[in-house]
Amino acid sequence: MKIKLKVWRQKNTQDKGGFQTYDLDDVSPDMSFLEMFDVLNENLVREGKDPVHFDHDCREGICGMCSMYINGHPHGPKQTTTCQLHMRSFKDGDTITVEPWRAKAFPVVKDLVVDRSSFDRVMQAGGYVSVNTGGVPDANEIPIPKKIADEAFDAATCIGCGACVAACKNASAMLFTSAKISQLAMLPQGQVERKTRAEKMVAQMDAEGFGACTNTGACSAECPKGISLENIARMNREYLSAKASSDNL
């Protein structure tokens, strides 16, 4: 395969940045998208040029580090992570445009690498359980209905990649935040902080500069783990309940 890459290059957060075009020949359709970028960078290094910086770690669709905005879609045309996207998803001669996540709360570090530490701060605000559940056997002895356990597990599959933010026209982090609230709010172990968790995490989300949710559903449609919009509704209920309890104190 022959492909043309239009890649966003930006030296640092302050740099204006812009697209640069690269031609690649002999691209195997069996390559992953990141392997194709490895080949590009090998060519650039041989030419004495600065390689394209991009995030990656596990390359198994688990960690969510491989955040690239490809042809107008987070992680590309398939509902998967970038590392699990293969070049057979494109055609010979295609032009592929690759950008970083674009959001005020995700400042560009360099090229395709963005700073997603805002997600960490949202989690630190309330995405934890402080109750001592004992050992694993003790914790597993707490009866939880299967339907509730399944819903909590589905919310917990969020890998925090930020595709929801990149897909949203307002750069909202509601899907991420709601998934992290939901996975704990539905379980007995998460009840200790339940009244304050939603308030604190939503407040931190707003403080980070994420936009508002307008329920277009683009976040869930592009999420590589298929996180449901039902979590946003649950978060809103948790938040309103917490606010009502605080106002009555």
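Reckoned from all heavy atoms, side chains included, excluding hydrogens, waters and symmetry mates. Just so you know, residue 1 is the first one in the sequence shown, and it goes up from there.
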Novice: When you measure from the side chain of Ser32 to the backbone N and O of Leu85, does any donor-acceptor pair fall under 3.5 Å?
Specialist: no
Novice: Carefully, step by step, assess Asp30 and Arg88 under the rule salt bridge (Lys or Arg N to Asp or Glu O under 4.0 Å).
Specialist: CA-CA 6 Å; Asp30 295 325; Arg88 54 180 170 267; 3.5 Å; yes
Novice: What do you reckon, is CG of Asp25 surrounded by more than 12 foreign heavy atoms closer than 6.0 Å?
Specialist: yes
Novice: Spell out, as yes or no, whether a donor-acceptor pair under 3.5 Å connects the side chain of Gln191 to the backbone of Ala185.
Specialist: yes
Novice: Between Arg9 and Asp50, is a salt bridge (Lys or Arg N to Asp or Glu O under 4.0 Å) present by the stated rule, with each step listed?
Specialist: CA-CA 10 Å; Arg9 303 301 306 267; Asp50 189 29; 3.7 Å; yes
Novice: So, do Glu193 and Ser130 sit near enough that their side-chain heavy atoms are less than 4.5 Å apart?
Specialist: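 Yes - at least one pair of side-chain heavy atoms lies under 4.5 Å apart.
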Novice: At what distance, to the nearest 0.5 angstrom, does OG of Ser89 lie from CD of Gln84?
Specialist: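 Result: 11.0 Å between the selected atoms.
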Novice: So does Gly72 get a backbone contact from the side chain of Tyr69, meaning a donor-acceptor N/O pair under 3.5 Å?
Specialist: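 It does hold such a pair.
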Novice: Can you list the steps and then say if Glu238 with Arg194 is a salt bridge (Lys or Arg N to Asp or Glu O under 4.0 Å)?
Specialist: CA-CA 8 Å; Glu238 291 289 318; Arg194 185 171 184 176; 2.6 Å; yes
Novice: Are Met123 and Phe210 linked, directly or through intermediate hydrophobic residues, by side-chain heavy-atom contacts shorter than 4.5 Å (ILVMFWY only)?
Specialist: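 They do share one cluster, since a chain of ILVMFWY contacts under 4.5 Å joins Phe210 to Met123.
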Novice: Can you find a pair of side-chain heavy atoms, one from Phe37 and one from Glu42, that are under 4.5 Å apart?
Specialist: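 Result no, sub-4.5 Å side-chain heavy-atom pair not found.
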Novice: Work out which heavy atom in Leu44 is nearest to a heavy atom in Pro51; give both atom names and the distance.
Specialist: CD1-CA, 4.0 Å
Novice: Let me confirm one number: the CG-OH distance from Asn41 to Tyr22, rounded to the nearest 0.5 Å.
Specialist: 8.5 Å
Novice: Do Phe106 and Ser67 have side chains that approach each other closer than 4.5 Å (heavy atoms only, starting at C-beta)?
Specialist: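 Result no, sub-4.5 Å side-chain heavy-atom pair not found.
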Novice: Looking at Asp55 and Lys110, does any basic side-chain N land under 4.0 Å from a carboxylate oxygen?
Specialist: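 Salt bridge between Asp55 and Lys110, a charged N being under 4.0 Å from a carboxylate O: no.
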Novice: Going through the checks in order, is the side-chain contact (heavy atoms from CB on, under 4.5 Å) test met by Met36 and Val27?
Specialist: CA-CA 7 Å; Met36 180 272 294; Val27 174; 4.2 Å; yes
Novice: Under a 4.5 Å side-chain heavy-atom rule over Ile, Leu, Val, Met, Phe, Trp and Tyr, are Ile70 and Val114 clustered together?
Specialist: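 As far as the 4.5 Å side-chain criterion goes, Val114 and Ile70 are not connected within one cluster.
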Novice: Any chance CD of Glu230 has more than 12 other-residue heavy atoms, nucleotides or ligands included, within less than 6.0 Å?
Specialist: no
Novice: Rounded to the nearest 0.5 Å, what separates atom NZ in Lys195 from atom OG in Ser245?
Specialist: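 Answer for the NZ-OG pair, Lys195 versus Ser245, is 3.5 Å.
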Novice: Looking at every heavy atom in both Cys66 and Thr82, which two are closest together, and how far apart are they?
Specialist: O-OG1, 2.8 Å
Novice: Do Glu222 and His75 have side-chain atoms, one donor and one acceptor, less than 3.5 Å apart?
Specialist: no
Novice: Met201 and Val165: same hydrophobic cluster, using ILVMFWY side-chain contacts below 4.5 Å?
Specialist: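 Same hydrophobic cluster.
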Novice: Does Phe19 belong to the same Ile/Leu/Val/Met/Phe/Trp/Tyr cluster as Met68, with side-chain heavy atoms less than 4.5 Å apart forming each link?
Specialist: yes
Novice: With no hydrogens and no angle check, is any side-chain donor or acceptor of Lys180 less than 3.5 Å from a backbone partner on Cys158?
Specialist: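 Yes: the side chain of Lys180 pairs with the backbone of Cys158.
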Novice: If we check side chain to side chain contact (heavy atoms under 4.5 Å, CB included) with Ile232, which of these qualifies: Leu175, Ile227, Ile181, Thr177?
Specialist: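 Answer after filtering Leu175, Ile227, Ile181, Thr177: Leu175.
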Novice: Are the side chain of Asp111 and the backbone of His53 linked by a donor-acceptor contact shorter than 3.5 Å?
Specialist: yes
Novice: Do side-chain atoms of Arg116 reach the backbone of Cys161 as a donor and acceptor pair under 3.5 angstrom?
Specialist: yes
Novice: So which heavy atom on Asn231 is nearest to which on Ala155, and how close?
Specialist: OD1-CB, 3.7 Å
Novice: Does the side chain of Val7 come within less than 4.5 Å of Leu112's, by heavy atoms?
Specialist: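 Yes, at least one pair of side-chain atoms sits under 4.5 Å.
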Novice: Going by ring pair (Phe, Tyr, Trp, His ring centres under 6.0 Å), name the pairs with one or both residues in residues 147-184, residues two or more places apart or in two chains.
Specialist: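 For residues 147-184: Phe119-Phe176.
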Novice: Enter the distance from Asn12:CG to Gln14:CD here, rounded to the nearest 0.5 Å.
Specialist: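 Rounded to the nearest 0.5 Å, the CG-CD separation comes to 5.0 Å.
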Novice: Given 3.5 Å as the limit, does a donor-acceptor pair link the side chain of Asp206 with the main chain of Ala203, or not?
Specialist: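 Checked: no pair found.
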Novice: Measuring from atom CG of Leu34 to atom CE of Met65, what distance do you get when rounded to the nearest 0.5 angstrom?
Specialist: 11.5 Å
Novice: Please report the C-alpha distance between Leu187 and Ile144 in whole Å, then the side-chain angles of each, then the deciding distance to 0.1 Å, and finally whether the side-chain contact (heavy atoms from CB on, under 4.5 Å) criterion is met.
Specialist: CA-CA 7 Å; Leu187 299 178; Ile144 302 172; 3.8 Å; yes
Novice: Quick check: does any side chain N or O of Asn71 sit under 3.5 Å from a backbone N or O of Thr97, one acting as donor and the other as acceptor?
Specialist: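 At least one qualifying donor-acceptor pair exists.
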Novice: If hydrophobic clusters are built from ILVMFWY residues whose side chains come within less than 4.5 Å, do Val202 and Leu184 share one?
Specialist: no
Novice: Kindly give the heavy-atom pair with the smallest separation between Ile62 and Ile159, and that separation in Å.
Specialist: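 Nearest pair, atom of Ile62 first, then Ile159: O-CG2, 3.0 Å.
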Novice: Can you give me the closest heavy-atom contact between Cys213 and Met174, atom names plus distance?
Specialist: CB-CG, 3.4 Å
Novice: Scan side-chain atoms only and decide if Asn170 and Ser172 contain a donor-acceptor pair under the 3.5 Å cut-off.
Specialist: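 The answer is no; no qualifying pair exists.
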Novice: Walk me through it: do Met87 and Glu35 pass the test side-chain contact (heavy atoms from CB on, under 4.5 Å)?
Specialist: CA-CA 9 Å; Met87 296 310 296; Glu35 287 172 333; over 6 Å; no
Novice: Where do Ser220 and Gln79 come nearest, in terms of heavy atoms and distance?
Specialist: O-NE2, 3.4 Å
Novice: May I ask you to check whether Gln124 and Arg121 show a side-chain donor-acceptor distance below 3.5 Å?
Specialist: no
Novice: Side chains of Glu151 and Ser182 only: does a donor on one sit below 3.5 Å from an acceptor on the other?
Specialist: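 Side chains of Glu151 and Ser182: no pair found under 3.5 Å.
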Novice: So, for Phe33 and Phe54, is the gap between ring centers shorter than 6.0 Å?
Specialist: no
Novice: Kindly indicate, with the supporting measurements, whether the criterion side-chain contact (heavy atoms from CB on, under 4.5 Å) is fulfilled by Ile96 and Val98.
Specialist: CA-CA 6 Å; Ile96 305 174; Val98 187; 4.1 Å; yes
Novice: So how far is it from Lys147 NZ to Met186 CE, rounded to the nearest 0.5 Å?
Specialist: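 One gets 9.0 Å once the value is rounded to the nearest 0.5 Å.
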